[in-house]
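Take a look at the structure below.
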Amino acid sequence: MCGITGWVSFDRDLTAESTTLDAMTETMSCRGPDDRGTWTGGPAALGHRRLAIIDLPGGRQPMTVETPTGTVALVYSGETYNYTELRHELTARGHRFTTESDTEVVLRGYLEWGEAVAERLNGMYAFAIWDARDDKLVMIRDRMGIKPFYCYETPDGVLFGSEPKAILANPLARRRVTLDGLRELFATVKTPGHAVWDGMREVEPGTVVTVDRSGLRRQVYWTLRTRPHTDDRDASVAKVRELLEDIVRRQLVSDVPRCTLLSGGLDSSAMTALAARQLAEAGETVRSFAVDFVGQADNFVADELRGTPDTPYVHDVAKSAGTEHRDIVLDSYALADPEVRAKMIGARDIPMGFGDMDASLYLLFRAIREHSTVALSGESADEVFGGYLQFFDEAARTTDTFPWLVKFADHFGDDSGVLRPELKEALDLPGYIEDSYARAVADIQRLEGESDFEFRMRTICYLHLTRFVRILLDRKDRASMAVGLEVRVPFCDHRLVEYVYNTPWSLKSFDGREKSLLREATADVLPQSVYDRVKSPYPSTQDPQYAIALQKHVKDLLARPDHPVFALVDRERAERAAGREAPQITQASRRDLERTLDLALWLDLYEPEIVLTQGRA
């Protein structure tokens with residue numbers, strides 16, 4: 001796991017641009033605290049920061065191969081879980097390896113198969129290859145978009161990086177955000193390819209982007225396709241278990257300490273239990289970590305989203321699976337600390353989106369990093385297996401918009417509520433969301449003979465797997481890599497995603513509950529309490545002191561009437577939220593406080609040029 005960046009300029013020799021390349025590379029230092037490297041060759045410059053996971057001495061980058069017709073150089077971020085099999089295949093084809101790293105396997109794979117190497121990889125990855133044989137740059141991103149990857153076209157080439165901050169460190173990139181960028185910040189829909197910053201784009205998941213003197217071309221090598229499902233219930237359950245066993249075994253491979261993230265929900269509990277069994281075969285004990293809050297047991301009040309606190313279930317799993325467990329207990333003042341919020345905003349390059357849940361994730365990962373370098377997460381199982389409330393809510397099932405938006409404001413508050421009225425009108429978020437939804441559903445393939453209900457449920461699954469999950473994957477990656485922790489996501493293995501996506505909803509929920517396939521596939525390793533537990537999302541503090549601390553920070557901000565945030569935020573609404581008595585601080589008020597602080601910190605950190613026009617397509 002690492003941070004990559006680079007610059008291709010066909011009209012100049014970049015060997016003279018080491019200062020700029022160094023600046024771009026150093027923005028990735030948190031992603032790669034163990035090593036750094038740069039490489040230049042004529043029109044190409046590559047930078048790399050390394051978090052050493054596999055082959056600690058041998059995996060240094062940029063990695064190059066000299067061929068009779070030119071150098072091929074690679075910067076790579078991520079993990080290829082089937083690298084051992086690919087290495088054997090490449091060795092049989094005559095390739096000779098000098099390291100034990102998966103990075104060299106990817107590089108040799110490119111030499112053998114070209115851009116088609118992407119189709120052979122199982123893993124999470126974002127990498128760029130400068131191929132001097134043809135004077136071209138090849139950028140490839142994993143199928144699900146687990147690893148972030150951005151690019152920015154210039155008049156004579158391209159800039160790229162794991163994160164926008166690497167690109168923004170180059171003087172050619174403007175720190176500019178237009179109406180379209182602001183729409184993406186507040187719509188909660190994650191438009192594929194959108195990067196918020198004007199002129200910048202994501203390398204989309206499952207895509208190869210090639211840049212040469214004739215321009216930039218995109219080729220999709222993977223997309224979520226509809227296929228018939230012929231397995232019955234028992235066979236489907238067995239297949240899911242078979243896949244999970246293989247996935248977890250592959251993702252436990254590491255030359256550094258690893259652990260699991262444990263919430264006491266079905267997803268993380270199943271993954272932790274499987275990992276514990278597999279490591280026990282080798283005489284090892286899995287470490288597990290969970291987040292908790294000071295006074296959560298005393299303050300917890302059940303609501304529609306969260307019916308039970310996590311901790312009792314976490315401890316049941318830790319005891320059942322025999323893990324070496326640790327609770328990371330956070331207080332409300334740390335969650336509301338502006339320095340913590342600034343760290344998370346700096347990690348994401350945009351204002352935070354999930355308030356205290358973002359702050360607690362960062363603090364959890366920071367604490368885990370003191371003990372482990374790799375963590376396995378239950379992230380994305382809800383999207384894969386159908387775990388959210390909206391999969392079962394009739395209003396969400398029948399709406400002509402993204403189903404998670406139906407009750408989003410009820411649960412979290414209106415993201416855009418705190419904006420100035422004239423800005424909200426200019427953004428026209430309902431229109432933006434409507435257009436985005438229409439584009440999203442146009443890509444869905446209907447199975448011949450599929451009922452209207454089954455197709456509707458396929459649509460909901462598709463939207464979660466191609467839109468919503470990417471918000472959460474980006475959040476997870478940025479928070480973890482900000483502290484040099486690699487988080488792996490077994491439930492995003494494309495084989496599992498494809499298989500379960502094409503399983504009819506009648507099988508996904510055969511017992512009338514969420515994630516029926518996953519529950520039955522792992523029933524033998526789960527404590528009964530977790531098997532019976534109803535879905536509960538990532539925890540949020542209920543301590544009123546958190547909101548009170550937010551109020552104090554917003555009052556400090558309100559004392560600075562010339563702060564640029566008030567060009568975006570409705571000052572009077574912020575004042576009302578900051579002035580409420582503790583018992584009257586609603587979820588909407590708390591959201592207004594969080595969004596005001598996030599925007600202010602973002603403006604301070606990045607000093608973006610806000611231009612209220614449409615921006616570049």
Side-chain angles (χ1 to χ4, degrees), residues 143-144 188-190 192 205-206 220 222-244 266-267 304 380-408 433-472 491-523 534-535 537:
R143 295 166 178 84
M144 292 294 291
T188 321
V189 298
K190 192 62 186 80
V220 175
W222 184 87
T223 189
L224 199 55
R225 296 197 177 279
T226 298
R227 295 183 177 90
H229 184 87
T230 57
D231 292 345
D232 62 15
R233 180 197 299 185
D234 290 344
S236 297
V237 169
K239 181 64 173 179
V240 167
R241 177 58 175 266
E242 175 191 335
L243 285 168
L244 287 174
L266 174 61
D267 319 333
E304 186 181 13
S380 308
D382 287 309
E383 289 80 6
V384 174
F385 288 97
Y388 293 115
L389 282 176
Q390 55 263 25
F391 283 92
F392 297 86
D393 180 77
E394 191 60 26
R397 280 176 164 178
T398 56
T399 187
D400 286 330
T401 191
F402 297 98
W404 55 89
L405 295 181
V406 172
K407 290 191 175 181
F408 187 89
I433 292 169
E434 182 180 352
D435 291 344
S436 182
Y437 178 78
R439 289 193 299 271
V441 297
D443 296 332
I444 305 171
Q445 302 159 320
R446 185 167 185 165
L447 197 64
E448 186 177 351
E450 194 168 40
S451 71
D452 290 345
F453 176 75
E454 280 288 354
F455 181 64
R456 179 57 194 165
M457 297 312 298
R458 178 185 296 280
T459 297
I460 292 175
C461 292
Y462 182 92
L463 293 173
H464 280 83
L465 289 168
T466 61
R467 300 300 192 277
F468 190 66
V469 77
R470 293 178 185 174
I471 299 173
L472 301 183
F491 292 107
C492 275
D493 185 292
H494 71 278
R495 298 169 299 162
L496 181 69
V497 171
E498 290 172 346
Y499 184 80
V500 179
Y501 172 67
N502 283 300
T503 302
W505 182 253
S506 58
L507 277 180
K508 286 192 181 83
S509 60
F510 62 75
D511 58 2
R513 301 182 62 189
E514 77 280 2
K515 295 180 284 194
S516 306
L517 280 177
L518 177 59
R519 183 178 293 103
E520 287 307 307
T522 56
V534 175
K535 158 72 183 173

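Computed from a prediction, not measured in an experiment: that's the story for all the values here.
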How far does NZ of K535 sit from CZ of F391, to the nearest 0.5 angstrom? 10.5 Å

Derivation of the salt bridge (Lys or Arg N to Asp or Glu O under 4.0 Å) call for D393 and K407: CA-CA 10 Å; D393 180 77; K407 290 191 175 181; 3.4 Å; yes

Could you walk me through whether F385 and L496 pass the side-chain contact (heavy atoms from CB on, under 4.5 Å) check? CA-CA 10 Å; F385 288 97; L496 181 69; 4.2 Å; yes

Between R458 and Y501, does the side-chain contact (heavy atoms from CB on, under 4.5 Å) criterion hold? Intermediate values first, please. CA-CA 7 Å; R458 178 185 296 280; Y501 172 67; 3.3 Å; yes

Can you confirm whether Q445 is buried at CD, in the sense that more than 12 heavy atoms of other residues, nucleotides or ligands lie under 6.0 Å from that atom? yes

Could you check whether any side-chain heavy atom of R470 comes within less than 4.5 Å of a side-chain heavy atom of P192, counting everything from C-beta outward? yes

Is it the case that the ring center of Y462 lies less than 6.0 angstrom away from the ring center of W505? no

For a 4.5 angstrom cut-off between non-hydrogen side-chain atoms, does S380 reach L472? no

K515 side chain near D267 side chain, heavy-atom distance below 4.5 Å: yes

One pair to check against salt bridge (Lys or Arg N to Asp or Glu O under 4.0 Å): E498 and R225. What are the steps and the verdict? CA-CA 8 Å; E498 290 172 346; R225 296 197 177 279; over 6 Å; no

Quick one: do D511 and R513 make a salt bridge, cutoff under 4.0 Å? no

Straight-line distance of R397 CZ to R456 CZ, nearest 0.5 Å: 10.5 Å

Dump the intermediate steps for side chain to side chain donor-acceptor pair (under 3.5 Å) on E514 and Y388, then the final yes or no. CA-CA 7 Å; E514 77 280 2; Y388 293 115; over 6 Å; no

So H229 and S236, do their side chains get closer than 4.5 Å, heavy atoms only? yes

Criterion side-chain contact (heavy atoms from CB on, under 4.5 Å) on V189 and R467, from CA distance to verdict: CA-CA 6 Å; V189 298; R467 300 300 192 277; 5.8 Å; no

Go through the steps to decide whether Q390 and T399 satisfy the test side-chain contact (heavy atoms from CB on, under 4.5 Å), and finish with yes or no. CA-CA 10 Å; Q390 55 263 25; T399 187; over 6 Å; no

So, H464 versus F402, ring centres under 6.0 angstrom or not? no

Measuring from R446:CZ to T459:OG1, what's the distance to the nearest 0.5 Å? 8.5 Å

